[in-house]
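In listed order, ligands and their atoms are each counted from 1. Throughout, residue positions are numbered sequentially from 1 according to the sequence presented. Worth saying up front: this structure is predicted, and the values here are computed from it rather than measured.
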Amino acid sequence: MTIPMALVGIGKIARDQHIPAITANPDFSLVAAVSRHGKVDGVPNFTDFDTFLAEGPQAAVALCTPPDVRLEVSLKAIAAGRDLLIEKPPAATLGEIETIIGVARDAGVVLFATWHSRFAPAVARARAWIAGRTVTRITITWREDVRRWHPNQAWIWQPGGFGVFDPGINALSILTEILPGPIHVNSAELEVPSNAFTPIAARLVMTGRGAIPVTADFDWRQEGPQTWDIEVQAGPERLKLRMGGARLAIDGAEVDVDAEQEYPEIYRRFARLVATRTSDADITPLRIVADACLKGRQTATDPFHD
Ligand code: NAP
């Protein structure tokens, strides 16, 4: 039996990744879309979630909206007994995702709070490499061009929109996957455009388990080549994840990894979670962002214009 899926929030990620991943996976069938403006060909389209719940097909829900609307839609989906897959970041705040997790648990609904970057092909290899070594330093450099990746997405600059932490949390999701254990933020510098509520750049100084120094440099102003790197030093040995975990080098030598399959892997995992009635919702990357905002020294920068 296939799992019927409804996609909510038909924007960039729903179109680029969720629709192809669902339609390519024989365990799923796409049976509805819910979006105020976006439409999906070949399925019933609804412009509001209440009408979908009342009149649409029975289906699990994949939530591809911005994080600030996650709580409201998630609670409605859970109250209607729908299994739920949510995009990253899982909610706008820690309290919101903790509420979603608790309500889903009480309702017996499967909740999968996805971190797509954890499924990048080199991440599991990096985790295994680290497990056998004493890590001495981790350096994250995540610098991209906001105009290229988020054209006209006003929500990213609003409260609950995350700013540069929207991509930066992907790096933190890899960090917390390859380096299990507590990580705390020592200090953070956040640069916020004078016409926005969220940072365009953030530099974090953290400490990982066993007093490992970890730094992160997130910047949305990088034109030209884009950088999504995590470098792990273990004494004289060095592992480097590049391209968001799609490429791997050890001591400077490129290592072969599989082709990128992040969203197909997400849906394969969701099928297993539904089959076993198990939830998966890890909030540790969001906690680091929250701590960086609590501890961060904020400075105003030039206004941002798309
Ligand atoms: P997007 O292009 O803006 O699409 C999100 C859609 O959600 C919008 O098109 C909008 O469709 C709907 N929506 C519902 N309530 C909204 C509100 N209050 N404000 C704005 N839109 C609202 O954004 P996206 O890039 O797909 O990102 C969505 C989520 O996926 C984010 O959490 C992001 O971090 C995550 N994600 C994005 C990417 C990427 O490459 N873009 C990659 C991985 C994960 P209607 O107007 O039709 O309702």
Just to verify, what does K12 make a salt bridge (charged side-chain N to carboxylate O under 4.0 Å, His left out) with, not counting sequence neighbours?
D16
Neighbouring protein residues of ligand 1 - any heavy atom closer than 4.0 Å:
G9, I10, G11, K12, I13, S35, R36, H37, G38, C64, T65, P66, P67, V69, R70, E87, K88, P89, H116, Q153, W155, D166, Y263
Step-by-step side chain to side chain contact (heavy atoms under 4.5 Å, CB included) determination, L71 to I100:
CA-CA 7 Å; L71 177 70; I100 294 170; 3.7 Å; yes
Partners passing side chain to side chain contact (heavy atoms under 4.5 Å, CB included) against Q226 (at least two apart in sequence or in another chain):
E144, D145, R148, W149, Q222, W228
Do any pairs count as a salt bridge (Lys or Arg N to Asp or Glu O under 4.0 Å) and have a residue in residues 158-175, sequence neighbours left out, and if so which ones?
K88-D166
For I230 and A171, the nearest pair of non-hydrogen atoms, with its separation, is CD1-O, 3.9 Å
Is the ring pair F270/F28 parallel, tilted or perpendicular, if the boundaries are 30 and 60 degrees?
parallel
